[in-house]
There are 2 protein chains.
Amino acid sequence: MISYKDKKVITIGIVHELTGLSERKIRYYEERGLLFPERSKRGTRKYSFSDIELLMKIADLREDGVQTTEIKRDMIREKRKKDIRSEMLQGQLNAHFNRRP
Amino acid sequence: MISYKDKKVITIGIVHELTGLSERKIRYYEERGLLFPERSKRGTRKYSFSDIELLMKIADLREDGVQTTEIKRDMIREKRKKDIRSEMLQGQLNAHFNRRP
DNA sequence: CGTGTAAGGAATTCTGACACG
DNA sequence: CGTGTAAGGAATTCTGACACG
């Protein structure tokens, strides 16, 4: 289920090229818990294409004056909804095929 | 038709991490015309996931003693075949729908 | 709170070259 | 031919801090 889109391989300089965001901003949004780049052996941050898309969304929201705390809250809400939907789907599949989960 | 797989965004250090090939080898295969990374503004090489897959194939062939010249020749042959196939397909489509290309 | 900037160090990348085989 | 390595410079990245608002 994880493809190229989620592989963390892009350095912060390239992310800056791709998004136009300053490295300061990119690091700050991480500090606020909005995204989680991996680290290479020597400690440099590595981002995925998904991270880049997320950063663009964050940039849009920030332009509208939305604070990072609110952005984080919304992200958590959305994730919860998504988790519930996949739980329900899984439950229905179980009911049909397993009888006993 | 171009997706994340072909976007050139990965620095040589990460390519080395991912493939296990030395930077020397990676640059040399480029010198021999086997792959074509892009350059960032400041001149650092940028590779795609496709490039990484290609590098793994090259590494396998090199292990079998195949020279870079032969590898290049084979790659050109394959590309030609592929081009011909898509030309033929295009021709058939034209014949069916256009009558006159 | 969100972002810029100067600071200093450590790690990265680049090129051209010499070495060996 | 294919690859390692030492060399020197330029660019990158990192962290912690101060500034402003």
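Within every chain, numbering begins at 1; the chains are lettered A, B, ... in the order of the sequence lines, protein sequences first and strands thereafter. Note that the structure is predicted; figures quoted are calculated from it, not measured.
Base pairing of dG4(D): its partner is dC18(C), meeting the Watson-Crick or G-U wobble criterion (both donor-acceptor distances under 3.5 Å). Here dA10(C) sits opposite dT12(D) as a Watson-Crick or G-U wobble pair (both hydrogen-bonding atom distances under 3.5 Å).
Atom pair Glu63(A):CD and dG2(C):C1' shows a separation of 14 Å (rounding to whole Å applied). Taking atom CD of residue Gln67(A) and atom C1' of nucleotide dG2(C), one finds them 9 Å apart after rounding to whole Å.
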(message) For nucleotides 6-20 of chain D, give me one character per nucleotide, 5' to 3': B if any protein heavy atom sits under 4.0 Å from the base, S if the only such contacts are to the sugar-phosphate, - if neither.
(response) -----SSSBB-B---
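Here the closest non-hydrogen pair linking Ser48(B) and Ile10(B) is C-CD1, 4.2 Å. When all heavy atoms of Leu34(A) and Met75(A) are compared, the pair lying nearest together is O-CE, 3.3 Å.
Following chains of ILVMFWY side-chain contacts shorter than 4.5 Å, one can reach Leu54(B) starting from Val66(B), so the two form part of one hydrophobic cluster.
Counted within 6.0 Å of NZ on Lys7(B), heavy atoms from surrounding residues, nucleotides or ligands total 12 or fewer; the atom is thus considered open.
In this structure the side chain of Tyr47(A) never reaches within 4.5 angstrom of the side chain of Thr11(A), judged on heavy atoms. With a 4.5 Å cut-off on side-chain heavy atoms, Arg62(B) and Lys25(B) do not count as touching.
The pair Asp83(A)-Arg80(A) does not count as a salt bridge, with every side-chain nitrogen at least 4.0 angstrom from each carboxylate oxygen.
For the segment residues 50-62 of chain A, the set of residues with a heavy atom within less than 4.0 Å of an atom of DNA chain D is empty.
OP1 or OP2 of dT3(D) lies within a sub-4.0 Å distance of a side-chain N or O belonging to Tyr29(B). Contact between the side-chain N/O atoms of Tyr28(A) and the OP1/OP2 oxygens of dT3(C) is not found at any separation under 4.0 Å.
With rounding to the nearest 0.5 Å, the separation of CD1 in Ile58(A) from CZ in Arg32(A) is 12.0 Å.
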